[in-house]
Amino acid sequence: MSERRVRVRFAPSPTGPLHMGGVRTALYNYLFAKKHGGDFLLRVEDTDQTRYVKGAEDYILEALKWCGINPDEGVGAGGDCGPYRQSERKEAGIYKEYAFKLVEDGFAYYAFDTSEDLTNMREMAEKAKMPNWQYNNITRTSMKNSVSLSEDEVTKRLDAGDPFVIRLKMPRNEEVRFHDEIRGWVIVNTNNMDDKVIYKADGMPTYHLANIIDDHLMNISHVIRGEEWLPSAPLHVLLYRYLGWEDTMPKFAHLSLILKPNGNGKLSKRDGDKGGFPVFPLEWNAPDGAVSSGYKENGYFPEAFINMIAFLGWNPGTAQEIFSLEELTEAFTLERVGKSGAKFDPDKAKWFNQQYLRNKSNTELAQLLMPIIAEEKLDVCIEYVAEVCELIKERATFITDILEEGRYFFEDVSAYDEKTLKKKWKEDTPTIMQELLVELKSIEEFTTENIETKFQAYLEKNEYGFGKVGPGFRLLVTGKGMGPSMFHICSVLGKEYVLDRMEKGLVKIEALKAEA
RNA sequence: GGCCCGUUCGUCUAGGGGUUAGGACACAUGGUUUUCAUCCAUGAAACAGGGGUUCGAUUCCCCUACGGGCUACCA
């Protein structure tokens, strides 16, 4: 067989925000396409108007954009196979003819049973201890459809405009097999499959039909999708066969699900709320006003998020863990995608972010920090922020940690760490601080080295250990009990500021002490 | 319940008929650091169970258990 152009698609339903699992599916599709020089399409599967959620489609588009997963074709990108929204394709009359053709060819039939009929049937079956009633190749003979009803009756109903659906006529006792790129051969007997509705009473195709038609019309070569589709894959194979498209049927690859960090089950929105981590790439404001947090808003870099997601169920087989999108594209293969579900680990997610943060230059970090600083109306220049980043970077996971950890670089000290105050602020500390203040005042050039030299000289002169002077000094200047080198902090802060803080701090702390 | 898929340290995983079963996160200990973080070193930690096949199975096959998915005129 000649090499077919790789064309894959990500086909979400706009029923809510895209969650991590969806992003991973999109990512793997994207990586696979790029790896093989193919196309990545975005198709919106909005055949169920009752589940349509306003804003969801925009959200999906924005989320993918933030992740750097840009479609070559599809909604928001254009292309020759449009429209790419299934609702619009339905309006264009794309699906109807195929549904009816299936009936004509004897592979499907009209069914007139109403939803109530079906519900009643299921309830009756349940009472008769048949808990799982299905509309299938046995039960269909006792239902109202073009298989059981006379031809006259069917025509009469059709002419009268009775609502109907089209169901696939599942054959009796046939083995349907297909090769999954990740799982190998999957074989299912048609006796275990039901007569799925492929065309709804409202004139919309169901997922199954629309999906097959669109994939065929859009020349999709590989279907990479979630495990939840594995059970219906045989149905899809049958649909390709009955439509006469089996020779160009795409290859299938079913991805395992992302599971909850602890406990069982797939990751859901609630797990994030409970575990204190996001499950969505971007913050989602639901129409009902509920807000779900996003990775972006939590300070994650998109590259780190993507990297982390990629490793949930895939690995390169080497020790390398940090991969740019380009490197992922280079390294990605379906063969190295795992078969089993992966429990999501929020700690590892943080670790990825930390790695990326550390690899960014101080200027880069400062640039990212400036908007946040502006929001807080703090008046500093970018060069100063970069210097702060240099000092705080090593102890930050998120960009905002730099601001929080290094608060004292931007604002006066308003509170003093109680523990340090209690343990390290002794009777003679104020005197020592006064003396240190004088020493610092005498420094001409307020550089890290000069401050350190002066400080050490002072210790030596009085035969003090560092522990006698250091903690009080830090407390006075930063309000904290720990942090980066004091000499660095002071040189960044500048002489005036440091002296001022010490003087004011001495007064404040003495007042606090007197109070206590 | 039925059907389908899966099962290596707590977690993500590598590996694969004969290995001291490797790495990463998290954890613990020690070192560096005035402190915290970083960094470095070290440690603890796994082949779900039972049957086969085989000289030999964690690896191949079967069964069981467990986990997951599906079982809509939802995707």
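Remember, predicted model here, so these are calculated numbers, not experimental data. Just so we're on the same page: letters track the sequence lines, and every chain starts at 1.
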Would you check if the distance from the ring center of A:Tyr59 to the ring center of A:Trp284 is below 6.0 Å?
yes
Pairwise C1' distance, B:rU59 and B:rG15 [rounded to whole Å]:
9 Å
Write down the distance separating the C1' atoms in B:rC60 and B:rA26, rounded off to the nearest Å.
35 Å
Could you measure between the two P atoms, the one in B:rG10 and the one in B:rC55, and give it in whole Å?
34 Å
If I take atom OH in residue A:Tyr408 and atom P in nucleotide B:rC36, what distance separates them, rounded to the nearest angstrom?
15 Å
Centroid separation under 6.0 Å, is that true for the rings of A:Tyr110 and A:Phe164?
yes
Pairwise P distance for B:rC36 and B:rG23, with rounding to whole Å
28 Å
Now, which nucleotide makes the Watson-Crick or G-U wobble pair with B:rA41, with each of the two distances under 3.5 Å?
B:rU29
Roughly how many Å apart are B:rA57 and B:rC25, using the C1' atom of each and rounding to a whole number?
31 Å
Establish, for the pair A:Lys360 and A:Phe301, whether the NZ or CZ atom is under 6.0 angstrom from the six-membered ring centre and no further than 45 degrees off its axis.
yes
For A:Phe178 and A:Phe252, take the angle between the two ring planes, folded into 0 to 90°, and tell me which bin it lands in: parallel under 30, tilted 30 to 60, perpendicular over 60.
perpendicular
Under 4.0 Å, heavy atoms only, any strand: does A:Gly467 hit a base, just the sugar-phosphate, or nothing?
nothing
Which label fits A:Phe323 and A:Phe311: parallel for a plane angle under 30°, tilted from 30 to 60°, or perpendicular past 60°?
tilted
Paired nucleotide for B:rA24 [Watson-Crick or G-U wobble; both distances under 3.5 Å]:
B:rU11
Atom pair distance, as rounded to whole Å: NZ in A:Lys260 and P in B:rG67:
14 Å
Between CZ of A:Arg395 and P of B:rU33 the distance, given in whole Å, is 15 Å
Contacts under 3.5 Å, N or O only, protein and nucleotides 8-16 of chain B:
unit_1: B:rC12; atom_1: OP1; unit_2: A:Lys343; atom_2: N; d: 2.9
unit_1: B:rC12; atom_1: O2'; unit_2: A:Phe311; atom_2: O; d: 3.2
unit_1: B:rU13; atom_1: OP1; unit_2: A:Gly313; atom_2: N; d: 3.0
unit_1: B:rU13; atom_1: O3'; unit_2: A:Asn315; atom_2: ND2; d: 2.8
unit_1: B:rA14; atom_1: OP1; unit_2: A:Asn315; atom_2: ND2; d: 3.0
unit_1: B:rA14; atom_1: O3'; unit_2: A:Arg336; atom_2: NH2; d: 3.3
unit_1: B:rG15; atom_1: OP1; unit_2: A:Arg336; atom_2: NH1; d: 3.4
unit_1: B:rG15; atom_1: OP1; unit_2: A:Arg336; atom_2: NH2; d: 3.4

Any donor-acceptor N/O pair, A:Asp46 side chain to A:Gln86 backbone, under 3.5 Å
yes
Could you work out the separation of B:rA65 and B:rA28 based on their P atoms and round it to a whole Å?
39 Å
Base, backbone or nothing for each nucleotide of nucleotides 70-75 of chain B, written B, S, -, heavy atoms under 4.0 angstrom, 5' to 3'?
SB-BBB
Quick check: on RNA chain B, is the nucleotide nearest A:Ala349 upstream (toward 5') of the one nearest A:Arg183, or the reverse? Name the residue that is more 5'.
A:Arg183
From CG (A:Asp215) to CD1 (A:Ile220), nearest 0.5 Å:
5.5 Å
Pairing check on B:rU53: which nucleotide meets the Watson-Crick or G-U wobble criteria with it, both distances under 3.5 Å?
none
Could you tell me whether A:Met486 contacts a base, only the sugar-phosphate backbone, or nothing, with contacts defined as non-hydrogen atoms closer than 4.0 Å?
base
Once you round it to whole Å, what is the distance between P of B:rU33 and CZ of A:Phe487?
14 Å
Parallel, tilted or perpendicular: ring planes of A:Tyr199 versus A:Phe100, cut at 30 and 60 degrees
perpendicular
Interatomic distance, CE@A:Met433 vs CD1@A:Ile509, rounded to 0.5 Å, equals 9.0 Å
Which base, if any, makes a Watson-Crick or G-U wobble pair with B:rC3, both distances under 3.5 Å?
B:rG69
Rounding to an integer number of angstrom, what distance separates B:rC63 and B:rA72 when you compare their P atoms?
27 Å
Here the distance between atom P of B:rA37 and atom NZ of A:Lys350, to the nearest Å, is 15 Å
With no hydrogens and no angle check, just 3.5 Å: does a side-chain donor-acceptor pair link A:Asn307 and A:Gln355?
no
Are side-chain heavy atoms of A:His236 and A:Tyr207 found at a separation under 4.5 Å?
yes
If we take the P atom in both B:rA21 and B:rC9, what is their distance in whole Å?
15 Å
Expected rows: protein N/O vs nucleotides 39-46 of chain B N/O, under 3.5 Å:
unit_1: B:rC39; atom_1: OP1; unit_2: A:Arg358; atom_2: NH1; d: 2.7

Does either side chain, that of A:Tyr84 or that of A:Asp214, offer a donor lying less than 3.5 Å from an acceptor on the other one?
no
Write down the atom of A:Glu88, the atom of A:Pro83, and the distance for their closest heavy-atom approach.
OE1-CB, 3.3 Å
Taking a pair to mean Watson-Crick or G-U wobble geometry with both distances below 3.5 Å, B:rC47 pairs with none
To the nearest angstrom, the CZ-P distance between A:Phe455 and B:rU35 comes to 13 Å
With side chain to side chain donor-acceptor pair (under 3.5 Å) as the test, would you mind laying out the steps for A:Thr431 and A:Asp428 before giving the verdict?
CA-CA 5 Å; A:Thr431 321; A:Asp428 55 352; over 6 Å; no
In whole Å, I'd like the distance from the CZ atom of A:Arg225 to the C1' atom of B:rC5.
14 Å
Length of the CG-C1' vector between A:Asn359 and B:rU38, whole Å
13 Å
Please determine, for B:rU59, whether a Watson-Crick or G-U wobble partner exists with both distances under 3.5 Å, and give it or none.
none
Of the candidate nucleotides B:rU34, B:rA37, B:rC25, which contains the atom at the shortest distance from the side chain of A:Trp351?
B:rC25
